[in-house]
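This report refers to the structure that appears directly beneath it.
Just so it is clear: chains get the letters A, B, ... in the order the sequence lines come, proteins before strands, and each one is counted from 1.
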Amino acid sequence: MGTITVAGKTIEVDEDGFLANLDDWNMDVAKYFAEVEGIEMTDQHWEVVNFLRDYYKQYQIAPMIKILVKEIGKKLGPDKGNTKYLYELYPGGPAKQACKIAGLPKPTGCV
Amino acid sequence: MGTITVAGKTIEVDEDGFLANLDDWNMDVAKYFAEVEGIEMTDQHWEVVNFLRDYYKQYQIAPMIKILVKEIGKKLGPDKGNTKYLYELYPGGPAKQACKIAGLPKPTGCV
Amino acid sequence: MADKPKRITDLGSPDYKKFLPPVIAKNYGKWKYHEQLSKGTMKHVSETGDELYTVRIATPRLVSTDYIREMCDISEKYSGGYLRWTTRHNIEFFPAKDQMDALVADLKKRGHLVGGIGYGISNVVHTQGWIHCHTPATDASGVVKAVMDELHEYFTTKSLPARVRIALACCLNMCGAVHCSDIAILGIHRLPPKVNEATLANQCEIPTTIASCPTGAISPNPATKTVKIKAERCMYCGNCYTMCPSLPIADGAGDGISIYVGGKVSNARGPARMSKLVIPFLPNNPPRWPEVVKAVKHLVEVYAKDAKKHERMGEWIERIGWERFFKVTGIPFTYQHIDDFTFARDTFRMTPTFKWE
Amino acid sequence: MADKPKRITDLGSPDYKKFLPPVIAKNYGKWKYHEQLSKGTMKHVSETGDELYTVRIATPRLVSTDYIREMCDISEKYSGGYLRWTTRHNIEFFPAKDQMDALVADLKKRGHLVGGIGYGISNVVHTQGWIHCHTPATDASGVVKAVMDELHEYFTTKSLPARVRIALACCLNMCGAVHCSDIAILGIHRLPPKVNEATLANQCEIPTTIASCPTGAISPNPATKTVKIKAERCMYCGNCYTMCPSLPIADGAGDGISIYVGGKVSNARGPARMSKLVIPFLPNNPPRWPEVVKAVKHLVEVYAKDAKKHERMGEWIERIGWERFFKVTGIPFTYQHIDDFTFARDTFRMTPTFKWE
Amino acid sequence: MSKDVKTPMLDDLEKGAWPSFVKEIKTAAKKSNTAHDLLGILERSYRDKVTHWKHGGIVGVLGYGGGVIGRYCDLPEEFPGVAHFHTVRINPPSGFYYTSKAMKELCDIWDKYGSGLTNLHGSTGDMVWLGTQTDKLEPIFAEITAKGWDLGGSGSCLRTPSSCVGKSRCEFSNIDTMDICHTLTHKFQDELHRPAFPYKFKIKVSGCANDCTAAVARADMSIIGTWRDNIRIDQAEVKNYASKMNIAEEIVGMCPTKCMSFDGGALKINDKDCNRCMHCINQMPKALRPGKEQGATIMLGGKAPIVTGALMSWVIVPFMKLEAPYDNLEDLIRKLWEWWDEHGKNRERIGELVDRMGMRSMLESTGLPPVPQMVKQPRTNPYVFWAPGEVQ
Amino acid sequence: MSKDVKTPMLDDLEKGAWPSFVKEIKTAAKKSNTAHDLLGILERSYRDKVTHWKHGGIVGVLGYGGGVIGRYCDLPEEFPGVAHFHTVRINPPSGFYYTSKAMKELCDIWDKYGSGLTNLHGSTGDMVWLGTQTDKLEPIFAEITAKGWDLGGSGSCLRTPSSCVGKSRCEFSNIDTMDICHTLTHKFQDELHRPAFPYKFKIKVSGCANDCTAAVARADMSIIGTWRDNIRIDQAEVKNYASKMNIAEEIVGMCPTKCMSFDGGALKINDKDCNRCMHCINQMPKALRPGKEQGATIMLGGKAPIVTGALMSWVIVPFMKLEAPYDNLEDLIRKLWEWWDEHGKNRERIGELVDRMGMRSMLESTGLPPVPQMVKQPRTNPYVFWAPGEVQ
Ligand code: SRM
Ligand code: SRM
Ligand code: SRM
Ligand code: SRM
Ligand code: SF4
Ligand code: SF4
Ligand code: SF4
Ligand code: SF4
Ligand code: SF4
Ligand code: SF4
Ligand code: SF4
Ligand code: SF4
């Protein structure tokens, strides 16, 4: 466990840098995470983050990758509806980086 | 299918004399059925009928016999909480006679 | 009605001892061995040395009182006025040794089929069908009659490698022992029930109706206070109709017959086992159901030719393998043969070993 | 980090051909037969007449780089710098015929166990346990070490009627082939997870957590935005913990080991089959788990005494019958042995035939 | 139905060697209008390929909740004779033995009140009287009880128990099947006539593992005779059989436990390994007999597919001595019913309940100990429950 | 961990004949603080009887979604060396053959960045490097790729495929297991490194029904070599074996299909009845060999118990010719993935999906025909579906 300081506020994060309290999320936090992960956020990046947040709000779960991929394809064009494109946006992987920036719980399950 | 006339109203019943429309039930109908079945309705008889109706209203099903028996035992004393007593009240059987008088759908299921 | 005080109730079954032929009463529990004398006769020998002779004939199960009276008359003439029915609807007489031949001759003269003992086809256990039931997908007695007209010699004269028990049930309720028979003829529906919106709310308990569906195909339809049936989840078992008269399922064109084989209940050599689907559908074609008759006959004949002595149909198939069974019978293997109900995984072949041809 | 452009990715596995000893490269696909020379050595003969010699030793699987370097050195000395690992964590060297004895001697001198070929006990397939994993109910390497210290002779010198494959998994995830092993050592929890109300909402997806429970023991707890666990429906699989860190399940006293036997994956003689529960619980008793060691040894010894040649543990048990297995091993039969999960019905004995003593 | 309605399809089924049910209906039709109209409506079904019987029907006799199956046709105007077509189930004597006198008396009653058509027997074992009207039920009941007969079961009750011929004629029988069947029927009269169970409950008794009453497939409680000691061998008779059959192949070779050997001289059985399958005894009844320490295996749960799939009964007591008055058996059955009553859902057979709740609950509540004979094999899955007290 | 913390329990496990993992950790601990603290925390687990590793951890290298298992301990102050203790999975070469040169290079990299401890191999078949820190991952990746190595799978992706030794050394192999494993690994690099499936997917390849890679138990797709023509017999070698073993008992008597006979002279096999179980060939490799028309049985669904219970793979293609570049196999696998992707729920293995949806959906979507070899036996229950077009 550790802490980060964003816009003057001290926020708790776990070893992998995920939020300990999801309520701490805000745009500043998102941007902070993006910077730490080395991601320059474009509109396309935000599409992913927004979709993740919306989906999580509606279903209380992160979408399966196939659903994320399909959604991105719908939003950004069929040539971008694939995992490869997701990894171009988020080289650290959608689970690790996009979920972190979106302020979702740290992905679990089989590793 | 046939009809019966109770308090001047013509009511549809099936071959076994069960109501074709459950909404047709009222106290007169109940008393009419009791007469046809040769039952002299006492308070104890009404306990059964009322329980059946209440149960049906709550669960949309007739109670299993074991539940009916338990309930009657609770209401009328443990010595009456058995099938034998039910058959004393309703010699034609609770399924056939009590349900009919109570205006429940005709029992189905395995015969 | 309630003023009949002297009603007798709860008598139970009459005492069987009253109905036992004297030789049986005397030797009850003392039988030592038996011998099959012919396809329709046998002899049991007691430790006391007494002998009991049995002659068996087929019945159509659905019989008139006149038929029973005829049987009673015969029993009086040859069997001391005693007779019994077997668990498969056959009748047995118990003549004295010296009356055997006369009895058999008399029975044959009257047109009865003497047989049913030992390795062959005994009577067909069956159900009501269109004679009395509300859920059948086919008739019972008619199909049985058509099949046995073709196979009766296996009752009277011809032998088979082992017993072949045929049973018929006219719907998935499977009254009888269809699910554990060498050859099971099973009436099936193939279309979902229709919802009678007009009557359902008055005739049916909706929770019970929903609970009756093995595949969860039924859900409430609050709008109409009735139910909805998801057609693609329905496998036409008819159990919802049993619970709810407003869900009729019979359909002249959709209904028909399927055939299962390889079941048995005896544990001789190997445990009792269930019958398995081999022909998913044959049409209802009254009065003689030629497709069904042909299929059953074919199954019996292929089995008769290929099985070893004492091998029941299921044992034979297990020995040769199902892949070869489908090959030698020429029956096509279809999606329907592959289980997809709750316990399906146990039927999947989890080994790469099988026969090639 | 993103400014490292020259990263190489998606190489996949290196080409195996680069690692093949020349005799193997040359005779690839041409092997004709093999002979076992000793418990730790064998010879394969090619259609070309070439011969390949193999010497096998046990490893602890968890090895240091120094260990690997030692193996490399040995391979350079005796095996042309080639070596391989088997699917069960053993190492194989390929000496020329005339180097066989020297290699074996050298290996033994260095304290390595030569063996593992043929009918006996090969290396134990196992998992992480307390070395690396977050869900174990027991340790892996320690139990294996304790068991094999006792049974190592079955690796090196003593023979058994057939292969006995021992595997260990430290939790119900069953990494490895535990569910199909002759003897499976399985870590189990026996107490339901505790709900960490403080962290759950932040760490876990509630729908996923609920869906993870095989027995439907978990339901939402809207009050606290967490979940409730019905203790009597929980069978402690730990799958909810996998999905949700706020449901820790490990418990020093509750956790321990169960033993399953009779599985195999080979289809020789009969199909692959799963292991069956025989000892529902033994305590975690580090560092040497004496109860587990004793139980495994006992199972091996009873089997060794009673089984016929080529009979794997499961085949032996099926021949003698489970009732006798419990008798000859003296293991008590308990409620736990009787399946009560979804497919339990298929395990019920639906025949009155069994052995009495 | 007018007398001249044609039944061409049914007529065709009068032909052929096998005894014809159509002939029977026609015979009865000569005396009974009900039987006559049955012909008509059945022919109609043959044409339409659907049943013409309406759903359900709930009729009966006073004091009983079962024993009669109500039935009405959907063409009462055309076939008034079968407007009502109720079935009466009569409880037969154990073993289906009858005297002609008793049978004829029953025939007379049936001719008086019904179609004159019957099934001997129904699949459960009842004598099934096919086709009467509601107002005939009480008179029928009065007359049959006067002659010593009673109704069988229907509905969610104990169904009419039945048994194989057992010790009355079969040398293989290890228990007195007929007496057990009879005694249980009498012990449980209330449970038989007044449905109060979650669903139906069937009992069938077979004297040995040949199971001539198909108990394992058709009865919630299947009682199967067996023995514990050794098969009795008469080696002289073995010799006789040896001249008629290939003992090595047909007997020794087909013994499932491979516990026999035959060198042409004496037949040897390693009884310790024998599982009492009956095969060898079946084939050589003169030479081999079950042992003398006889009793029964008690099995539970057999049933047809509705709802969760068919089940065959499974072992719950490997061996039980069964001697009159069978109080041990009665006791067990009552305990089972109590447990089922407590936990069973509507229309849940006891076997399905055991399957749903697990064997443990049933065993604990009946006091039966878990034994390996209950299972083909112990569980393969690790989803094991522990009772609170079991874990410290 | 201070250097003098005692590890009495682990020390005990240095004793005994079997090779000791404790000795290995101690060896590594001489050079690595991580290995050193592993000893300490492990001893603590031995005392507490619980793990001291925290849940999960999500770390990795750029561009990949898997290949590294993140791990943190719950006592980082006491054991800072294992505060991070991530595992790196390296994809091994098919068949686990190595040269000492390649191995030593890997050891050097590992000593540089990690604990110096490894599992050879993990249960899936990866080379498992145990214990490193997040900041070492990219450097490790850079160095191993420079040497021609890559990471294996983790997460909901294709896991590192593996195979038995196959044609490289085994005369029983009916397919080129190592090459199939290698080729598939390369065909599916994207699916291996970037998790996008509903759950994990494993492929294992065994050259014959002995299944030396336990494919049937541990792989969603189990590829098992077999043959269609006759077993090749060398009768002269049969004779040699006859002098060493009891062929009648050990071979003929244990053949599951009873298709062999041996009269002391020639061994006869009725190949039509043989099911290719391998037993006879295993025991007499000099005399018997698989036939020449070789290929594989393709099986689907094997897995451990989570969630609905363990499965062994079952037959979906009884026989498939497998020749490089195995496009037919690739094609089938892709179709299966497509179907699984379409219908699979989160964390639903493909076998569980087939079990849930029924085989038909999978067969229709992959174009595989239903054949009896897919089932032990046809269904017993009558709960049969008909597709709309099938009923008129
Ligand atoms: C008359 C008889 C068939 C026959 O022609 O022999 C029969 C007829 C009916 N059976 Fe049956 N069953 C008859 C023996 C059986 C048997 C065999 C047995 O008892 O040995 C079985 C299989 C064993 C079992 O109980 O599981 C059997 C399993 C069913 C089932 C499926 C029960 C299940 O749990 O799977 C049903 C459906 C139900 O209970 O709703 C059923 C339901 C019915 C109903 C009541 C139809 C219904 O949906 O309510 C049938 C009334 C037909 C009629 O109008 O006459 N009948 N039924 C048999 C009873 C005669 C008798 O008393 O001797
Ligand atoms: C009379 C009857 C009992 C009764 O209470 O009514 C009876 C009587 C005998 N059976 Fe049975 N069995 C009778 C129904 C059954 C049934 C039940 C059924 O068919 O529904 C079975 C189980 C069938 C199954 O497994 O599906 C049955 C399986 C056997 C067997 C085992 C056959 C096998 O190898 O699987 C034997 C032993 C034998 O074949 O020698 C046997 C043997 C016998 C013997 C030889 C026993 C004896 O020593 O008296 C009896 C005469 C043989 C015969 O009929 O061929 N009986 N027998 C039943 C006659 C039915 C009929 O009319 O055909
Ligand atoms: C490292 C390894 C055990 C070992 O010591 O060898 C392993 C370790 C873990 N396995 Fe595994 N599994 C390993 C091979 C297996 C195998 C065997 C195989 O692949 O041949 C299986 C059985 C086959 C199968 O896939 O079903 C296996 C079945 C599981 C399961 C149960 C999956 C199921 O569907 O039943 C889980 C639980 C899960 O996925 O959430 C699991 C989960 C895990 C996790 C990730 C723990 C978790 O709950 O998330 C473990 C990480 C431990 C750690 O911290 O290092 N592991 N796991 C094996 C992988 C090493 C490698 O890559 O070579
Ligand atoms: C080297 C290895 C393959 C590899 O790619 O690494 C291998 C190699 C051979 N196996 Fe294997 N088997 C290997 C793991 C397996 C496994 C998998 C496992 O144990 O996890 C099995 C399945 C075990 C099971 O059923 O549970 C396996 C079941 C067999 C069998 C069938 C045994 C049986 O009767 O059930 C044979 C045939 C035999 O025994 O003659 C066999 C035969 C052989 C032969 C004789 C094949 C040959 O002609 O070369 C090889 C040497 C025999 C030996 O080791 O005794 N191999 N063999 C594996 C060595 C593991 C080890 O170090 O011990
Ligand atoms: S099988 Fe079905 S249709 Fe036939 S009698 Fe039984 S319940 Fe009626
Ligand atoms: S027929 Fe059967 S499967 Fe179809 S809806 Fe009715 S109960 Fe369900
Ligand atoms: S078996 Fe369980 S505890 Fe052991 S490594 Fe696998 S997931 Fe971890
Ligand atoms: S441990 Fe398993 S059974 Fe218990 S609540 Fe968690 S998921 Fe359910
Ligand atoms: S079950 Fe056994 S005892 Fe009963 S009649 Fe059949 S063979 Fe005889
Ligand atoms: S009864 Fe069956 S198991 Fe016993 S010896 Fe005879 S054939 Fe073998
Ligand atoms: S699976 Fe078959 S081919 Fe592969 S190593 Fe084992 S015995 Fe040889
Ligand atoms: S491979 Fe197996 S089935 Fe075929 S002959 Fe050999 S032992 Fe028999």
Which is it for D/Thr9 and F/Gln189 under the side-chain contact (heavy atoms from CB on, under 4.5 Å) test, yes or no, and what are the steps along the way?
CA-CA 9 Å; D/Thr9 68; F/Gln189 278 294 294; over 6 Å; no

Start with the C-alpha gap between F/Met178 and D/Lys17, add the side-chain angles, then the distance that decides, and say whether side-chain contact (heavy atoms from CB on, under 4.5 Å) holds.
CA-CA 9 Å; F/Met178 283 169 46; D/Lys17 293 192 200 86; over 6 Å; no

Which is it for D/Asp66 and F/Lys31 under the salt bridge (charged side-chain N to carboxylate O under 4.0 Å, His left out) test, yes or no, and what are the steps along the way?
CA-CA 10 Å; D/Asp66 285 357; F/Lys31 300 189 232 171; 2.7 Å; yes

Where do D/His310 and F/Asn282 land on the side-chain contact (heavy atoms from CB on, under 4.5 Å) test, with the steps shown first?
CA-CA 11 Å; D/His310 307 302; F/Asn282 287 341; over 6 Å; no

For side-chain contact (heavy atoms from CB on, under 4.5 Å), just list the numbers for D/Cys72 and F/Lys101, CA-CA rounded to whole Å, side-chain angles, deciding distance to a tenth of an Å, and then say yes or no.
CA-CA 8 Å; D/Cys72 290; F/Lys101 179 168 166 289; over 6 Å; no

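Contacts of D/Glu153 with chain F are absent, with no heavy-atom separation under 4.5 Å from either backbone or side chain. At a 4.5 Å heavy-atom cutoff, the contact between D/Leu113 and chain F is made by side-chain atoms alone. Using a 4.5 Å cut-off between heavy atoms, D/His112 does not touch chain F at all. For a residue to count as touching a neighbouring chain, one of its non-hydrogen atoms must lie under 4.5 Å from one of that chain's; by this rule D/Glu315 does not touch chain F. Of the two parts of D/Glu150, neither the backbone nor the side chain holds a non-hydrogen atom closer than 4.5 Å to a non-hydrogen atom of chain F. Neither the backbone nor the side chain of F/Asp11 comes within contact range of chain D; no heavy atom of the residue lies under 4.5 Å from a heavy atom of that chain. Contacts between D/Glu35 and chain F at a heavy-atom distance below 4.5 Å involve the side chain alone, from C-beta outward. Only the side chain of D/Phe341 has a heavy atom closer than 4.5 Å to any heavy atom of chain F. Neither the backbone nor the side chain of D/Thr342 has a heavy atom closer than 4.5 Å to any heavy atom of chain F. Using a 4.5 Å cut-off between heavy atoms, F/Leu151 makes no contact with chain D at all. F/Asp74 does not touch chain D: none of its heavy atoms, backbone or side chain, sits under 4.5 Å away. When heavy atoms are compared at a cutoff of 4.5 Å, F/Arg169 approaches chain D by way of both its backbone and its side chain. Contacts of D/Ser212 with chain F are made by both backbone and side-chain atoms, with heavy-atom separations under 4.5 Å. Neither the backbone nor the side chain of D/Thr215 comes within contact range of chain F, judged by heavy atoms closer than 4.5 Å. The parts of D/Tyr241 that come within reach of chain F are both its backbone and its side chain, each placing non-hydrogen atoms under 4.5 angstrom from that chain. With a 4.5 angstrom heavy-atom cutoff, D/Asn123 touches chain F via backbone and side-chain atoms both. Contact annotation for D/Asp15: both backbone and side-chain heavy atoms come within less than 4.5 Å of a heavy atom of chain F. Using a 4.5 Å cut-off between heavy atoms, F/Lys286 contacts chain D through both its backbone and its side chain. Proximity to chain F is absent for every atom of D/Cys170, based on heavy atoms less than 4.5 angstrom apart.
Put simply, of F/His186, F/Met278, F/Lys303, the one with the most heavy-atom pairs under 4.5 Å next to chain D is F/His186. Between chain D and the options F/Val128, F/Val165, F/Leu106, F/Asp48, the largest number of non-hydrogen pairs under 4.5 Å is found for F/Val165. The most heavy-atom pairs under 4.5 Å with chain D, out of F/Lys167, F/Lys26, F/Glu24, come from F/Glu24. For the options F/Phe141, F/Trp110, F/Tyr64, F/Trp53, heavy-atom pairs under 4.5 Å to chain D are most numerous at F/Trp53. Note: F/Ser94 leads F/Ser94, F/Ser115, F/Gly63, F/Ala28 in heavy-atom pairs under 4.5 Å with chain D. Options F/Ala310, F/Gly16, F/Pro19 differ in how many heavy-atom pairs under 4.5 Å they form with chain D, and the most are formed by F/Pro19.
Here the shortest heavy-atom pairing between D/Phe343 and F/Thr308 reads CE1-O, 3.4 Å.
Taken from CZ in D/Arg288 to NZ in F/Lys15, the straight-line distance is 7.0 Å, to the nearest 0.5 Å. Once rounded to the nearest 0.5 Å, the distance linking NZ of F/Lys204 with OG1 of D/Thr87 reads 10.0 Å. Atoms CG and CD1, from D/Leu172 and F/Ile306 in turn, are 6.0 Å apart once rounded to the nearest 0.5 Å. Taking NZ of D/Lys309 as the reference point, atom CD of F/Glu250 lies at 4.0 Å (rounded to 0.5 Å). Between F/Met103 atom CE and D/Leu83 atom CG the span is 6.0 Å, to the nearest 0.5 Å. For the atom pair F/Glu138 CD and D/Arg7 CZ, the distance stands at 4.0 Å (nearest 0.5 Å).
Checking side-chain atoms of D/Trp31 against main-chain N and O of F/Ser168 turns up a donor-acceptor pair under 3.5 Å. In this structure, the side chain of F/His121 does not engage the main chain of D/His89 through any donor-acceptor pair within 3.5 Å. Judged by distance alone, the side chain of D/His179 and the main-chain N or O of F/Ala217 form a donor-acceptor pair under 3.5 Å. Looking at F/Asp211, its side chain never comes within 3.5 Å of a backbone N or O of D/Ser266 through a donor-acceptor pair.
Looking at F/Thr51 and D/His134, their side chains never bring a donor and an acceptor atom within 3.5 Å of each other. Under the 3.5 Å distance criterion, with hydrogens and angles disregarded, a donor-acceptor pair is assigned to the side chains of F/Asp111 and D/Thr65.
Not counting sequence neighbours, the partners of F/Lys49 by the side chain to side chain contact (heavy atoms under 4.5 Å, CB included) test are D/Trp130, D/Asn284, D/Pro286. D/Cys244 is linked by a disulfide (SG to SG under 2.5 Å) to D/Cys204, counting only residues two or more places apart in sequence or in another chain.
The residues D/Lys308 and F/Glu249 are annotated as not salt-bridged, no charged nitrogen and carboxylate oxygen being separated by less than 4.0 angstrom. Comment: F/Lys104 engages D/Asp73 in a salt bridge, judged by a side-chain N to carboxylate O separation of less than 4.0 angstrom.
Relative orientation of the F/Phe85 and D/His132 rings is tilted, given thresholds of 30° and 60° on the angle between their planes.
Judged by the 6.0 Å and 45° rule, D/Arg84 forms a cation-pi pair with F/Tyr97.
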